[in-house]
Structure formats: structure tokens, C-alpha cells
Protein chains: 2
Amino acid sequence: MVEVTRRREIEDAASVLFHARGYAATSVRDIADALSIRGPSLYAHVASKEDVLAAIVERVAERFERSADAAEAATAGLGANARLEALVRAHVRAVTIDPGAASVFVDEWRHLSEPRRSRILQRRDAYEARFRDVIVQGRSDGSFVLVDPGIAAAFLLTAVNGITDWYRVDGFLSPDQLADAYADLALRSLTEATP
Amino acid sequence: MVEVTRRREIEDAASVLFHARGYAATSVRDIADALSIRGPSLYAHVASKEDVLAAIVERVAERFERSADAAEAATAGLGANARLEALVRAHVRAVTIDPGAASVFVDEWRHLSEPRRSRILQRRDAYEARFRDVIVQGRSDGSFVLVDPGIAAAFLLTAVNGITDWYRVDGFLSPDQLADAYADLALRSLTEATP
DNA sequence: CCTACCGATCGGTAGG
DNA sequence: CCTACCGATCGGTAGG
């Protein structure tokens with residue numbers, strides 16, 4: 001018995017459409033059509049189109065944060081290699097669970113109005129800081145090369161976020177296989193190669 | 001004497017706005033405002049809003065292709081390391097020259113209607129294939145690890161395209177410094193690390 | 001969840 | 001490059 005609230009069904013349908021066409025190019029009637037109801041009926045469940053966007057963005061933000069929390073807790077006290085691997089794996093898994101919603105978080109937050117926009121930007125910065133911090137740790141203890149932590153974090157985060165551009169949930173590549181491959185690529189990118 | 005056509009000024013103003021807000025959220029009047037003229041006056045120079053998008057996307061596609069052509073010509077016959085480094089550097093430079101226009105090519109092509117949309121997708125695929133091919137070469141000659149070329153190419157291309165999300169032309173990071181850092185990260189990500 | 005409807009804004013045209 | 005204007009569509013409300 002899969003019991004989901006109507007509100008959540010609206011957000012899921014909106015995620016698919018926002019991912020495929022973008023927030024601005026998706027009308028309230030498009031979302032309603034996907035649920036086989038009329039546009040104005042949506043407003044029995046949501047206050048505005050932007051509220052739907054905000055709900056998706058904030059839910060995904062929480063998923064990323066909790067996922068990273070767990071990864072950091074599981075690798076507390078370990079070396080930078082283990083910690084970065086856990087962070088990347090957690091992120092890849094969070095993205096592959098629902099690439100549509102993840103892409104809304106990654107790409108569509110800028111359509112939020114203030115103060116929601118600023119708050120979500122702050123959370124994105126804090127999330128990115130987790131990656132920077134691990135890179136700083138790895139630089140200090142000799143695990144990683146002496147790359148600028150900001151550049152390296154941006155490189156890795158845009159790479160993992162880009163998964164939403166091409167990953168197919170019903171494809172032949174499982175979330176775990178992708179997490180394996182991306183964790184390897186990420187770790188090697190910061191590790192001195194054999195001459 | 002900087003002589004630019006009005007048509008090109010329209011495309012440049014549109015690039016900035018499409019980059020900042022997205023194509024769908026940018027109105028014809030927004031573009032006109034940026035040039036201090038009225039909306040309808042634009043139509044003396046362009047046939048439609050989508051024509052402006054198509055012109056930007058196609059110009060950037062040509063820049064990327066010519067830049068990659070030069071990189072490949074300069075490294076013909078060399079090993080996969082040298083070839084991939086040249087490709088990444090060429091791409092980073094093409095992006096940093098005009099991140100606004102580059103981001104329109106990367107993110108806004110989906111708003112093109114057929115047949116332009118399909119044609120640009122084909123060109124993107126062909127461009128991505130250059131990266132896959134070098135990775136395949138590096139796998140065969142032992143330069144690179146045995147990662148799936150499709151995954152590795154997607155990883156690298158989304159990382160370099162992500163530069164449009166955060167790079168500031170007037171910042172403290174020069175295109176060459178960024179190309180250095182990204183080429184290193186890219187090469188190491190495919191190269192076996194010391195144990 | 002529906003029909004009927006609203007003011008605002010959209011891309012674009014006519015005609016100078 | 002302008003003003004005046006067009007039909008279509010937008011997000012959203014009223015009132016069942």
C-alpha cells in the first residue's frame with residue numbers, strides 16, 4: 001500500500017517537469033495536467049507555484065545534508081581519503097535516488113525569491129564547505145596534492161551534480177556502480193600520480 | 001575603435017540575461033531594456049527570441065569545436081595524457097572567455113525547437129566523443145585506469161562545464177591558472193595513484 | 001476538485 | 001527605432 005499525500009504527488013510531478021523544462025517554462029497547468037486535474041485545483045493544496053519549488057528544493061537540501069552527516073559520522077577520525085570517499089558516495093546516492101528533484105535543487109533554486117533564495121544559497125555554501133574542509137585536511141596530512149581547496153571542491157561538486165544531466169534511473173548503471181566510479185575518479189583527482 | 005554589429009550587441013546582452021535568469025524567465029523586453037531600446041525595436045534585427053538563443057548556442061558550439069580542433073591538431077600522434085590535457089585546457093579557455101555565452105550553450109539548448117535542438121544535441125555528442133576517444137586511447141596504451149569511458153567523459157565534461165556556475169571574469173583567478181588546475185585534476189582523475 | 005474569470009505579461013506585428 | 005496594439009498564456013481568485 002503506497003500511501004502518498006496529494007501534496008507530495010504534486011511536488012513529484014513538478015520535479016519531473018522542472019527537471020525536463022525548467023521552472024520558468026513549466027506552467028501551473030502543466031503540473032495539473034500531469035495529475036489529470038485542472039490548474040486551479042492545485043491551489044487547494046499549495047499556496048503558489050513558488051511554494052512547490054521551495055518545498056522540493058528544501059526537501060532535497062535536507063536529504064543532501066543528512067546524507068553527508070551520516071557519511072561524516074561514519075568516517076570521523078579517519079583520513080581525508082576515507083572521508084572524501086564517503087562524502088562523494090553519499091552525494092552520488094542522494095542524487096541517483098531522485099535525479100529529477102536533485103536537479104531542481106542544483107539548477108532551479110535561483111527562481112526562489114528572497115528570503116528563501118538567500119537561505120538556500122547559505123545551505124549550499126555550507127554543504128560545499130564540507131568538501132573544502134576534507135580537502136584542506138588531506139592537504140595538511142599529505143593525502144592530497146596542494147590544489148586550491150575552493151577550486152577542487154567546485155570541480156568535484158559540479159562533476160557529481162552533473163549526474164542529473166545524464167543519469168537514467170531505469171538505465172543499466174546502478175547507483176552503487178556509479179558511486180564506485182565517481183568515488184574513484186574524485187579520489188584520484190586529488191592524489192599524486194605515479195611518475 | 002570597437003565596432004560591433006547591433007545584432008551582436010543583442011546576443012551579448014541576451015547571453016548575460018539568459019545566464020543569470022534562464023531563457024524562459026527572460027523576456028524580449030528585458031533584453032531591449034539592457035540596450036536602452038523598446039522591445040519591438042529588437043525585431044528590426046532578429047526574427048524571434050528563439051533566433052537569438054540559437055545564434056548564441058551555435059556560435060559557442062563553433063568556438064568549442066574550433067578550440068578542440070586546434071588542441072587535437074597540436075597533439076596529434078602524442079600520448080593520451082598530452083591529448084587530454086590539451087582538450088581540457090582548450091575547453092576551460094573557451095568557457096572562461098565568455099562564461100555567460102558558454103552557460104547558454106551548456107544549459108539552455110533544450111529551449112530550442114526542432115530541428116535545431118536535435119542538431120545541437122548531435123554536435124554536443126560529437127564533442128563529448130572527443131573526450132571519450134582520448135580516454136579509450138589512454139586505456140589501451142596504459143596511460144589511464146580502466147574506468148568506463150562514457151562515465152569518465154561525463155564526469156570531466158560536467159566538471160569543466162560547471163565552471164560557468166561560479167567563475168567570475170573579473171575575479172582573481174586567471175583563465176590560465178584555472179586551466180592549469182583543471183587539467184591537473186582531470187589528468188590525475190584518470191591516472192593510477194601511488195599506493 | 002470544478003467552472004468562470006481576473007489583471008498582468010508574454011512574443012510578436014502594423015505602420016510609420 | 002518608435003507607439004499602439006494583438007491574441008495567447010500566465011499565476012492565481014471567487015464561489016461553489
Side-chain angles (χ1 to χ4, degrees), chain A residues 2-58 104 107-117 120, chain B residues 2-58 104 107-117 120:
Chain A
V2 187
E3 176 62 16
V4 187
T5 64
R6 198 59 163 152
R7 167 75 193 218
R8 178 57 186 263
E9 289 180 328
I10 292 169
E11 291 172 17
D12 288 344
S15 288
V16 171
L17 291 165
F18 293 167
H19 179 39
R21 313 178 190 173
Y23 174 77
T26 301
S27 73
V28 167
R29 284 157 180 84
D30 291 335
I31 301 169
D33 279 352
L35 299 164
S36 301
I37 60 177
R38 306 290 173 173
S41 303
L42 279 179
Y43 289 88
H45 306 281
V46 306
S48 68
K49 183 188 172 190
E50 194 192 315
D51 262 12
V52 177
L53 173 63
I56 298 166
V57 166
E58 273 152 27
V104 174
D107 294 325
E108 308 296 333
W109 58 269
R110 58 186 170 158
H111 293 110
L112 292 170
S113 57
E114 295 298 345
R116 285 199 273 223
R117 184 189 156 109
I120 207 70
Chain B
V2 187
E3 176 62 17
V4 186
T5 64
R6 197 59 165 152
R7 167 76 194 217
R8 178 56 187 264
E9 289 179 326
I10 292 169
E11 291 173 18
D12 287 345
S15 289
V16 172
L17 291 165
F18 293 167
H19 179 39
R21 312 177 190 175
Y23 175 77
T26 302
S27 75
V28 169
R29 286 160 179 82
D30 290 336
I31 301 168
D33 279 351
L35 300 164
S36 301
I37 60 176
R38 306 289 174 174
S41 303
L42 279 179
Y43 289 88
H45 307 281
V46 306
S48 66
K49 184 188 170 188
E50 193 190 317
D51 262 12
V52 177
L53 173 62
I56 298 165
V57 166
E58 273 151 27
V104 174
D107 295 326
E108 308 296 332
W109 58 268
R110 58 186 172 159
H111 293 110
L112 293 170
S113 56
E114 297 297 346
R116 284 199 274 221
R117 184 189 155 108
I120 206 73

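Heavy atoms only: backbone and side chains are in, while hydrogens, waters and symmetry mates are out. Just so it is clear: chains get the letters A, B, ... in the order the sequence lines come, proteins before strands, and each one is counted from 1.
Looking at heavy atoms from C-beta onward, A:Glu108 lies out of side-chain contact with A:Val57 at the 4.5 angstrom threshold. Looking at A:Leu42 and A:Leu35, their side chains come closer than 4.5 Å, going by heavy atoms from C-beta outward.
One atom, CD1 of B:Ile31, and another, P of C:dC10, lie 11 Å apart when rounded to the nearest Å. Atom C1' of nucleotide C:dC10 and atom CZ of B:Arg21 are separated by 14 Å, given to the nearest angstrom. In this structure, CG of A:Leu35 is placed 11 Å from P of C:dC2, rounded to the nearest angstrom. In this structure, the CG atom of A:Leu17 is 12 Å from the P atom of D:dG11, given to the nearest Å. Separating the CZ atom of A:Arg7 from the C1' atom of C:dC1 is a distance of 17 Å, rounded to the nearest angstrom. Taking atom CG on B:Leu42 and atom C1' on C:dC10, their separation rounds to 14 Å, with Å as the unit. In this entry the distance linking CG of A:Asp30 with C1' of D:dC10 reads 11 Å, nearest Å. Rounding to whole angstrom units, CD1 of residue A:Ile10 and P of D:dG12 are separated by 13 Å.
If you check D:dT13, C:dG11, C:dC2 against the side chain of A:Tyr43, the one that comes closest is D:dT13. Distances from the side chain of A:Arg38 to the nucleotides D:dG11, D:dC1, C:dT3 place C:dT3 closest. For A:His45, counting side-chain heavy atoms from C-beta on, the closest listed nucleotide (C:dC1, C:dG11, D:dC2) is C:dC1. When each of D:dC2, C:dG11, D:dG12 is scored by its nearest atom to the side-chain atoms of A:Lys49, the top-ranked nucleotide is D:dG12. Here the side chain of A:Arg6 is nearest to one of C:dC1, D:dG12, D:dC1, namely C:dC1.
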Show, in sequence, the C-alpha distance, side-chain angles and deciding distance for B:Glu50 and B:Tyr23, and conclude whether the side-chain contact (heavy atoms from CB on, under 4.5 Å) test is met. CA-CA 9 Å; B:Glu50 193 190 317; B:Tyr23 175 77; 3.6 Å; yes

Distances for protein N/O vs nucleotides 4-9 of chain D N/O pairs under 3.5 angstrom?
none

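Along DNA chain C, the nucleotide nearest B:Glu50 and the nucleotide nearest A:Gly39 are compared for position; the residue whose nucleotide lies closer to the 5' end is A:Gly39.
Under the Watson-Crick or G-U wobble criterion, with both distances below 3.5 Å, C:dA8 is paired with D:dT9. Checking C:dG16 for Watson-Crick or G-U wobble geometry (two distances, each under 3.5 Å) identifies D:dC1 as its partner.
One finds the CD1 atom of B:Ile56 at 12.0 Å from the NE2 atom of B:His19 (value rounded to the nearest 0.5 Å).
B:Arg8 has a carboxylate O that lies under 4.0 Å from a charged side-chain N of B:Asp12, or vice versa, which qualifies the two as a salt bridge.
With hydrogens and angles ignored, the 3.5 Å screen pairs a side-chain donor or acceptor of A:Asp30 with a backbone N or O of A:Ser27. Side chain of A:His111 to backbone of A:Arg117: no donor-acceptor contact under 3.5 angstrom is found.
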